[in-house]
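What follows is one structure encoded as structure tokens, with my remarks underneath.
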Amino acid sequence: MAREITSRQENYSQWYNDIVNKADLAENSPVRGCMVIKPHGYSIWEKMQAVLDKMFKDTGHTNAYFPLFIPKSFFSKEASHVEGFAKECAVVTHYRLKNDENGKGIIVDPDARLEEELIVRPTSETIIWNTYKGWIQSYRDLPILVNQWANIVRWEMRTRLFLRTAEFLWQEGHTAHATKEEAQEETRRMINVYADFAENWMAMPVLKGTKTDSERFAGAIETYTIEALMQDGKALQSGTSHFLGQNFAQAFDVKFTDQSGKLDYVWATSWGVSTRLMGALIMAHSDDNGLVIPPRLAPTQVVIVPIYKKDAQLDQISQKANEIKQKLQDKGISVKYDDRDTQKPGWKFTEYEMKGVPVRLAIGPRDMENGTLEVARRDTLEKDIISQEGVIEHVEQLLEDIQNGIYQKALKFREDNTYYVDDYEEFKTILNEKGGFVWAHWDGTGETEQKIKEDTRATIRLVPVEDNPEPGKCIYSGKPSNQRVVFARAY
RNA sequence: CGGGGUGUAGCGCAGUCCGGUUAGCGCAUCUGCUUUGGGAGCAGAGGGUCGCAAGUUCGAAUCUUGCCACCCCGACCA
């Protein structure tokens, strides 16, 4: 069989592209930097959405929707926010096309220039806080706990499917609170929701912490992040939660009267995860045979493939397969019975392997005689012959084992690629030759952070939030350091 | 936006240096027969503005100029 997926060892980024392609997740579109998310890829995203949405609802949030377009003037109201996003905004300047008088086809009508140009949202803080101004007068109006599922546009120079595209899908939570403490608590609550999702659903271990000044969200006081380690030793920021202080309330003049009758600005948070999680999912678990999806996010958890020569055999096998399918579905397991006669069994095996279906059952004439079937697990590629009698319980257990197994595998990988380093030369060597997370002391200055970045291309992924930080000496400057921070090269 | 590379059938490529039959090959597609426990075999068939535009020439996929797109490596970023 021809090897169609480039191995990770040979060319990691080609491997990634091959997985996206062969697993039918997404493809490039005619529009530069934008992607078409294909049905299989979108199904996985929908599973993620469903789980996250429930988690948001369970923590008291409600969905709403704000416009795609933001008046340009809104942007200039929060200084650091503008600075952060200005360079990557798409701008709508006209509202009409017309036929060119010189016969050159459709052109932008120069008479249809917008009085105020519109920004295609790169994030929605400004339009939301402009709106919240009208919603909030009193402490009785607070908190506001709103989330929206939306697309946003950030005009990126270099794009990669899922990891960085000009347009992407995400959710953005935007909350308003009466007190600083409550907003800070919300910020931490949501980063914990993300960590919970990453670990228990995506089976992807993450580190939690805060961002340094240079890596912080434009307009935030504090940014919390979850960072995962990919198989090539690079970190991937997988979700962020921001404590915005009163920055946006001040910019948009959103005040409320508190219980003592005093007027104050409202406290804010925002938090988001995006279709980038798809990239994380791929690079956390997949192998040289294709995608590996954690069972809890797999659109199809079990596929049943019949093997037969004669139609009579197929009828018999189908009866058994449908029976098993029904029983599995009764347990809440999603099952596909693939009885297409247009593809051969071997073809189907490879196909579902590339697409990452966690469990495959195969039933052939021999099985029908023996009362058995073949069960194959995607993560380890192990195959077993089991009795048809115990198949339901076996599959239920197997799905749990796979979910747990790939988490443990990813965790072990992270542990094997985590280093504690106190010597700068060793620090550089590790980042150059191995990658991974490097815990090292840092003097807390932007200068040092910048120098290390120039030297090694590694950035501070996060500053761990620790109760009893261990002080030391900065790996670069030798100056005193409060605690170790986590360095890595990142996506 | 810098450096490198590539645009030829749905996909992957050869042909381009050195211009010259009807532009090929593999995979995929379609038809037929045989097959079916890890991407089946044989036979046949269909499918092309050679990225776009202009130029040189009797003649351009091939040479010249300009443009566009995509990929890889940097800078910037979720």
Side-chain angles (χ1 to χ4, degrees), chain A residues 1-6 11-14 16-18 21-22 27-34 83-89 122-123 152-172 194 211 214-218 223 225-228 235-242 270-280 289-290 305-311 313-314 317 339-355 360-370 372-376 381 383 385 453-454 457 459 461 489-491:
Chain A
M1 186 185 93
R3 174 93 277 140
E4 301 194 52
I5 297 172
T6 308
N11 183 342
Y12 189 84
S13 46
Q14 189 57 48
Y16 178 84
N17 293 339
D18 287 352
N21 182 21
K22 297 291 179 189
E27 63 189 38
N28 280 307
S29 75
V31 184
R32 178 193 165 78
C34 294
E83 203 181 319
F85 287 107
K87 283 176 290 183
E88 50 190 37
C89 284
T123 180
I152 61 175
V153 169
R154 296 181 185 173
W155 213 261
E156 299 288 350
M157 290 298 185
R158 242 185 95 193
T159 58
R160 289 192 74 191
L161 292 172
F162 292 118
L163 295 174
R164 177 168 300 106
T165 47
E167 180 196 17
F168 56 95
L169 306 183
W170 80 342
Q171 57 70 217
E172 45 181 327
Y194 290 153
K211 285 293 189 186
S214 68
E215 299 277 330
R216 190 173 296 142
F217 176 74
T223 288
T225 179
I226 53 170
E227 301 277 331
L236 185 73
Q237 180 175 310
S238 305
T240 48
S241 181
H242 315 292
S270 68
W271 29 273
V273 295
S274 72
T275 37
R276 181 178 239 203
L277 288 178
M278 294 288 295
N289 296 300
V305 177
I307 295 154
Y308 61 97
K309 288 187 180 160
K310 299 170 199 150
D311 285 351
Q313 287 177 330
L314 177 61
I317 291 167
D339 62 350
R340 286 177 297 173
D341 63 356
T342 52
Q343 314 293 352
K344 295 185 56 184
W347 190 95
K348 292 175 187 173
F349 291 175
T350 311
E351 180 75 1
Y352 292 114
E353 217 159 82
M354 288 195 296
K355 287 191 167 184
R360 182 187 72 233
L361 303 178
I363 310 176
R366 283 208 299 272
D367 295 309
M368 294 307 286
E369 277 178 33
N370 302 335
T372 58
L373 50 76
E374 182 191 83
V375 53
L381 302 170
K383 290 190 287 193
I385 304 292
K453 186 178 175 184
E454 285 165 13
R457 287 175 27 230
T459 50
R461 299 320 302 157
R489 288 191 183 153
Y491 276 94

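Every chain is numbered from 1 and lettered A, B, ... according to where its sequence line falls, protein lines coming before strand lines.
When rounded to the nearest whole Å, the span between CZ of A:Phe85 and P of B:C77 equals 11 Å.
Across B:C72 and B:U29, the matching C1' atoms stand 32 Å from one another, rounded to whole Å. If you take atom C1' in B:C63 and the same atom in B:U56, they sit 8 Å apart, rounded to whole Å.
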Could I get a table of every N or O pair under 3.5 Å where one atom is in the protein and the other is in nucleotides 4-14 of chain B?
none

What pairs of nitrogen or oxygen atoms, one from the protein and one from nucleotides 33-37 of chain B, lie under 3.5 Å apart?
from: B:U36; atom 1: O2'; to: A:Tyr308; atom 2: O; distance (Å): 3.2
from: B:G37; atom 1: N7; to: A:Arg366; atom 2: NH1; distance (Å): 3.4
from: B:G37; atom 1: O6; to: A:Gly364; atom 2: O; distance (Å): 3.4
from: B:G37; atom 1: O6; to: A:Pro365; atom 2: N; distance (Å): 3.3
from: B:G37; atom 1: O6; to: A:Arg366; atom 2: N; distance (Å): 2.6
from: B:G37; atom 1: O6; to: A:Asp367; atom 2: N; distance (Å): 3.1
from: B:G37; atom 1: N1; to: A:Asp367; atom 2: OD2; distance (Å): 2.5
from: B:G37; atom 1: N2; to: A:Asp367; atom 2: OD2; distance (Å): 3.0

Between the protein and nucleotides 69-76 of chain B, which nitrogen or oxygen pairs are less than 3.5 angstrom apart?
from: B:C70; atom 1: OP2; to: A:Arg32; atom 2: NH1; distance (Å): 2.9
from: B:C72; atom 1: OP1; to: A:Asn17; atom 2: ND2; distance (Å): 3.3
from: B:C73; atom 1: OP2; to: A:Arg158; atom 2: NH2; distance (Å): 2.5
from: B:G74; atom 1: OP1; to: A:Arg457; atom 2: NH2; distance (Å): 3.0
from: B:G74; atom 1: N7; to: A:Arg158; atom 2: NH1; distance (Å): 3.4

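Among the heavy atoms of the strands, none lies under 4.0 Å from A:Phe217. Among the atoms of the strands shown, none is found under 4.0 Å from any heavy atom of A:Lys211. At the heavy-atom level, A:Thr123 lies nowhere under 4.0 Å from the strands shown. At a threshold of 4.0 angstrom between heavy atoms, the contacts of A:Leu236 with the nucleic acid are absent.
Here the closest heavy-atom approach between residue A:Asn289 and residue A:Met354 is recorded as O-CG, 3.5 Å. Annotation for A:Gly279 and A:Phe162: closest pair N-CB, 3.8 Å, computed over non-hydrogen atoms. Closest of all the heavy-atom pairs between A:Leu236 and A:Ser238 is O-OG, 3.0 Å.
Taking the ring-ring contact (aromatic ring centres under 6.0 Å, His included) definition, one finds that A:Phe85 meets it with A:His81, A:Phe217, sequence neighbours left out. Under the rule for a side chain to side chain contact (heavy atoms under 4.5 Å, CB included), the partners of A:Thr372 that lie at least two apart in sequence or sit in another chain are A:Asp367, A:Asn370, A:Ile385. Qualifying side chain to side chain donor-acceptor pair (under 3.5 Å) partners for A:Tyr491, counting only residues two or more places apart in sequence or in other chains: A:Asp232.
Under 3.5 Å, the side chains of A:Arg461 and A:Thr459 contain a donor-acceptor pair of N or O atoms.
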